[in-house]
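Basis for what follows: all heavy atoms, side chains included, without hydrogens, waters or symmetry-related copies.
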Amino acid sequence: LFSWYRELGGVIELRELSKTDLPILSSPLVNCGGLSGSFLFEQTDKVTVQKGHLVLVNNAPLIRNSSGQTISYNYNPKPEVYADREGNPMDVYCYPRSDGWILGGSRLTGTYSTDEGLQESISADSDTTQRDEYAVPLPIFDLNRSIIRHSYGIHLDNYPNQEVLVGYRHTREEQGGLRVDREQIGDQVVIHNYGHGGAGVTLSWGCALRVAGLLSEHRQPARTPGVIQHPALASLAEFLDHALRVD
């Protein structure tokens, strides 16, 4: 995706930002900061986060079914098998990639504020196992190990090169959750695109098209709203349309 973006003339610069940097940046700005956006823009909505654990099983083979198709799965066990302390069921999943497997997961809900920082109000009610510096819910290993072994005859323990990643999903409690809109802040136009929760991959294509439309409306106010007129944005729309059609 980065390569395609650069081929369209896009420039990528990695840097740290603070609120004091915003006035000197070119308008319009697109806020895809997620939880980090709370440090940059005033947000009136309550910031809820879901802590998630992922296990990367490196150098494991693609998992295929009896027809030779690559598989992935998401399994929702009963709450008595895997849930948080308030009884909310959690799921486990496996996404094989060319470089190994991604195993998950957890959804441990908490809150965030600039005054109190991150508050993890709910933790897993299942046993945990210490991996690296993290306490990982044991069902991520036990349930996935059982599913993969019984369904595909592959043993998780044969691939010990494993690492744990922990991150935070930014969710919103407002109606609809997701925020994709335009806001005038001083002399700058800011287009917000955050609150995807755990569905960022699923929602990313549609959100990108909506952001492109909002940018077009800003640059071409006299033309039909929602129609992408700017050449660079038109190329982006064509790129996204092509990407959506790629198997």
Side-chain angles (χ1 to χ4, degrees), residues 1-50 52 110-118 167-246:
L1 291 176
F2 280 148
S3 297
W4 287 357
Y5 177 70
R6 289 190 175 100
E7 289 174 6
L8 291 173
V11 177
I12 299 173
E13 177 186 352
L14 300 179
R15 56 180 293 192
E16 293 186 2
L17 293 175
S18 66
K19 286 185 177 180
T20 58
D21 296 313
L22 298 182
I24 64 175
L25 297 178
S26 299
S27 180
L29 303 176
V30 181
N31 170 27
C32 296
L35 180 59
S36 298
S38 305
F39 296 101
L40 299 174
F41 302 94
E42 297 295 334
Q43 297 186 20
T44 58
D45 53 300
K46 183 178 180 181
V47 178
T48 303
V49 295
Q50 289 186 334
T111 59
Y112 171 83
S113 71
T114 53
D115 295 329
E116 299 179 351
L118 184 67
Y168 295 88
R169 309 172 180 94
H170 181 194
T171 61
R172 299 178 71 235
E173 295 188 0
E174 306 335 272
Q175 184 175 3
L178 177 67
R179 183 183 184 187
V180 184
D181 60 27
R182 184 171 57 207
E183 180 182 13
Q184 186 77 36
I185 302 178
D187 295 331
Q188 289 184 316
V189 171
V190 179
I191 296 175
H192 297 286
N193 178 18
Y194 66 88
H196 301 78
V201 173
T202 304
L203 298 174
S204 59
W205 305 105
C207 289
L209 285 171
R210 177 59 180 152
V211 168
L214 291 171
L215 285 168
S216 178
E217 293 171 18
H218 168 70
R219 294 176 184 268
Q220 303 287 344
R223 301 195 180 185
T224 305
V227 178
I228 297 176
Q229 303 286 358
H230 191 276
L233 296 178
S235 297
L236 174 61
E238 292 170 1
F239 156 65
L240 290 170
D241 181 67
H242 169 74
L244 284 169
R245 299 171 187 275
V246 173

| message | I need the full list of salt bridge (Lys or Arg N to Asp or Glu O under 4.0 Å) pairs touching residues 19-31, with sequence neighbours left out, sorted by first then second residue. | response | Lys19-Glu42
| request: Can you tell me which residue pairs pass the salt bridge (Lys or Arg N to Asp or Glu O under 4.0 Å) test with a partner in residues 190-201, sequence neighbours excluded? | output: none
| remark: Residue pairs meeting salt bridge (Lys or Arg N to Asp or Glu O under 4.0 Å), one or both in residues 181-201, sequence neighbours left out, come to Arg179-Asp181, Arg179-Glu183, Arg182-Glu217
| Nearest non-hydrogen partners of Thr20 and Ser18, listed with the distance | OG1-OG, 2.8 Å
| task | Take Leu25 and Leu17 through the side-chain contact (heavy atoms from CB on, under 4.5 Å) test and state the conclusion after the steps. | result | CA-CA 10 Å; Leu25 297 178; Leu17 293 175; 4.3 Å; yes
| field | Residue pair Leu29 / Val189, side-chain heavy-atom distance below 4.5 Å | value | no
| Sidechain-backbone polar pair: Gln188 side chain, Val190 backbone, donor-acceptor under 3.5 Å | no
| query | About how many Å separate CD1 of Ile12 and OG of Ser3, when rounded to the nearest 0.5 Å? | reply | 8.5 Å
| request: Would you please classify the geometry between the Phe41 ring and the His192 ring as parallel, tilted or perpendicular, with 30° and 60° separating the classes? | output: perpendicular
| salt bridge (Lys or Arg N to Asp or Glu O under 4.0 Å) contacts in which one or both residues fall within residues 6-15, not counting sequence neighbours | none
| If you look at every heavy atom in Val180 and Cys207, which pair is closest and at what distance? | CG2-SG, 4.0 Å
| request: Take Leu22 and Leu40 through the test side-chain contact (heavy atoms from CB on, under 4.5 Å) and record every step on the way to the result. | output: CA-CA 8 Å; Leu22 298 182; Leu40 299 174; 4.2 Å; yes
| note | Sequence neighbours excluded, the answer for side chain to side chain donor-acceptor pair (under 3.5 Å) partners of His196 is Asn193
| query | Can you name the side chain to side chain donor-acceptor pair (under 3.5 Å) partners of Ser26, sequence neighbours left out? | reply | none
| said: Could you go through Ile191 and Leu215, starting from their C-alpha distance and side-chain angles, then the distance that decides it, and tell me whether this counts as side-chain contact (heavy atoms from CB on, under 4.5 Å)? | reply: CA-CA 8 Å; Ile191 296 175; Leu215 285 168; 3.6 Å; yes
| field | Any donor-acceptor N/O pair, Gln50 side chain to His170 backbone, under 3.5 Å | value | no
| said: Quick one, Val30 and Leu214 - any side-chain contact, counting heavy atoms below 4.5 Å? | reply: no
| Ile24 atom CD1, over 12 foreign heavy atoms within 6.0 Å | yes
